[in-house]
K.L.:
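Sending over a structure as structure tokens; questions will come in a sec.
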Amino acid sequence: MKLSQQAKKVFERLKSAKHLRFQELEEEGLDQSMVARSAKELEEKDLAEIETEEEVAYELTKKGRSVIREGSPEYRLVEILEDGPKEFSEINIPADVAVGKARERGWIEIDDGEVRLSDEGGLIEEDELVQQLKNENFGADHVERGLVERITETTRTLKLMRKGEQVKVDNIEEEFNVEADAEPPGIGKKHFYRHVMDEAKDVWLEMGFQEMEGDYVVSGLTCFDALYIAQDHPARDLQDTFFVEDPKASDLNEFGDMVDKIRQTHEDGWKTGSKGWQYDWSEKEAARNVLRTHTTETSVQKLIELEEDDLPGKYFIISRAFRNETVDRTHLADFDQAEGIVVGKDLNFAHLKGYLTEFFERMGYDRFRLVPTYYPYTEMSVEIQVYDEDEGEWLGMGGSGLFRPEVVEPLLGFEATVLAWGLGIARIGMGAGELEDIRGLYSNDKEKIYETPLWNPER
Ligand code: PHE
């Protein structure tokens with residue numbers, strides 16, 4: 001005979017006990033559903049029988065317990081009336097139940113709005129209801145009054161049957177159900193958005209890019225001015241940018257004469273061949289600290305640090321940027337960008353397109369296009385769009401272009417071309433998590449994380 005491992009265990013216990021309440025087995029540490037399943041199995045094999053017994057019990061309710069504590073309303077009324085008749089308004093206990101019950105029993109009489117004890121009422125000496133409740137002498141009227149609750153308890157007992165007595169435990173083979181659902185192991189799982197970002201990072205690394213590091217708190221100089229963003233540009237407004245109160249400003253001395261080159265570039269173009277923006281550039285404005293509004297700031301820092309010997313160089317960062325947005329279904333005040341630059345001598349727009357095409361292909365987007373747009377720091381400037389097969393639409397993925405001489409020359413100090421891009425990868429994360437609301441990218445809803453399949457670009 002074959003039995004499951006658990007049923008065999010229960011059978012073994014039953015052989016010696018003859019009767020076993022389910023409860024006993026559970027108290028011995030067996031899981032409730034397992035006991036029920038095993039019992040069924042033993043019953044199906046005619047080894048045991050399940051007996052179900054229903055027992056009715058009564059239990060005091062909260063209201064019942066308060067009657068025991070405070071006395072029954074009708075008895076309390078009798079006590080109150082012992083001093084003489086009272087007007088309704090003088091009875092300072094909830095009068096409706098008290099009057100109703102006392103009247104039913106003939107303990108009171110009501111006359112002209114006055115309540116008084118009847119002859120019979122005058123003889124009452126003890127609170128009979130309280131005594132009944134205390135002695136657990138429960139009846140249907142107690143249930144009706146909500147003082148006592150009727151509960152049925154089911155006891156299930158497993159009883160050994162004749163066949164069970166004959167079968168020897170040693171002759172039972174253990175049967176394994178290899179198709180049974182197993183508990184999923186409670187191990188950790190990466191958040192689907194983290195996973196997308198890590199995959200993107202792997203793609204850049206595979207393409208030979210080096211990872212950059214940067215700070216969140218930066219000066220306006222590297223976040224804006226170095227990118228030839230004029231000081232009255234709306235992006236530098238309080239509405240778009242988080243300014244840092246403490247430390248309020250950076251010491252720009254560490255940037256040496258670069259600060260002056262940037263000033264001149266803004267004012268008259270310096271030697272970049274540009275006419276500049278034609279205004280008085282303020283160093284104080286440039287020193288103000290902000291939370292970086294784009295990871296392009298990190299690319300600026302990389303360009304400052306680069307030596308001619310480092311060329312050609314390919315760099316990327318996937319990290320947080322901050323904008324003073326009203327948070328809603330499609331906007332966050334902090335988000336992640338995948339930023340990159342390629343610095344070299346003989347680079348052109350075709351290379352830029354090549355890198356981006358390669359990246360998006362590896363991220364699972366085969367259709368890709370570049371649409372003209374404007375950034376103060378690139379020429380030409382393009383928006384990157386990929387085709388989302390599932391949604392059947394073009395999605396804007398971020399901006400890109402060749403950094404203008406007004407950006408490159410003050411930062412590098414030698415001839416080079418810089419290809420640059422900044423991609424929003426939230427869209428990919430939202431696709432991975434099938435999210436309608438961008439906030440889901442940063443919420444740690446464990447169930448959602450567990451149920452979301454691992455993102456795979458070869459979908
Ligand atoms: N910084 C731009 C943004 O945040 C993207 C960009 C990066 C555009 C580099 C051009 C070059 O949208």
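Along the sequence shown, the residues carry numbers beginning at 1. Values in this document were obtained by computation on a predicted structure and should not be read as measured data. Every number for a ligand or one of its atoms is a count from 1 in the order of the listing.
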K.L.:
Do Arg439 and Leu332 touch side chain to side chain, with heavy atoms closer than 4.5 Å?
P.N.:
yes

K.L.:
Go through ligand 1 atom by atom and flag the ones less than 4.0 Å from a non-hydrogen atom of Ser400.
P.N.:
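Those atoms are 8 (C), 10 (C), 11 (C).
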
K.L.:
Please confirm whether the ring centroid of Phe322 lies under 6.0 Å from the ring centroid of Phe335.
P.N.:
no

K.L.:
Is it the case that the ring center of His266 lies less than 6.0 angstrom away from the ring center of Tyr228?
P.N.:
yes

K.L.:
Which of the atoms of ligand 1 are close to Thr378, meaning less than 4.0 Å from one of its heavy atoms?
P.N.:
10 (C), 11 (C)

K.L.:
What protein heavy atom is closest to atom 7 (C) of ligand 1, reported as residue, atom name and distance in Å?
P.N.:
Gly422 N, 3.2 Å

K.L.:
Between Glu70 and Arg76, is there a side-chain heavy-atom distance shorter than 4.5 Å?
P.N.:
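Yes, their side chains come closer than 4.5 Å.
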
K.L.:
Of all the atoms in ligand 1, which lie at a distance below 4.0 Å from a heavy atom belonging to Glu339?
P.N.:
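This gives 7 (C), 9 (C) as the contact atoms.
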
K.L.:
How far is atom 8 (C) of ligand 1 from its nearest protein heavy atom, and which residue and atom is that?
P.N.:
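It is Gly399 C, 3.4 Å.
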
K.L.:
Report the C-alpha separation of Ser4 and Glu41 in whole Å, then their side-chain angles, then the decisive distance to 0.1 Å, and conclude whether the side chain to side chain donor-acceptor pair (under 3.5 Å) test is met.
P.N.:
CA-CA 8 Å; Ser4 74; Glu41 200 179 327; 2.9 Å; yes

K.L.:
Establish, yes or no, whether a centroid distance under 6.0 Å links the rings of Tyr193 and Tyr442.
P.N.:
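Yes - the distance between ring centres of Tyr193 and Tyr442 falls below the 6.0 Å cut-off.
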
K.L.:
Would you mind checking which non-hydrogen protein atom is closest to atom 2 (C) of ligand 1, with the distance to 0.1 Å?
P.N.:
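Ranked first by proximity to atom 2 (C) of ligand 1 is Tyr377 OH, 3.1 Å.
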
K.L.:
Answer yes if the ring centres of Trp421 and Trp204 are under 6.0 angstrom apart, and no otherwise.
P.N.:
yes

K.L.:
Would one find an N or O of Trp421, backbone or side chain, under 3.5 Å from an N or O of ligand 1?
P.N.:
no

K.L.:
Against heavy atoms of Arg323, which atoms of ligand 1 measure under 4.0 Å?
P.N.:
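Taking each heavy atom of Arg323 in turn, ligand 1 has 3 (C), 4 (O) under 4.0 Å.
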
K.L.:
Under 3.5 Å between some N or O of ligand 1 and some N or O of Gln337?
P.N.:
yes

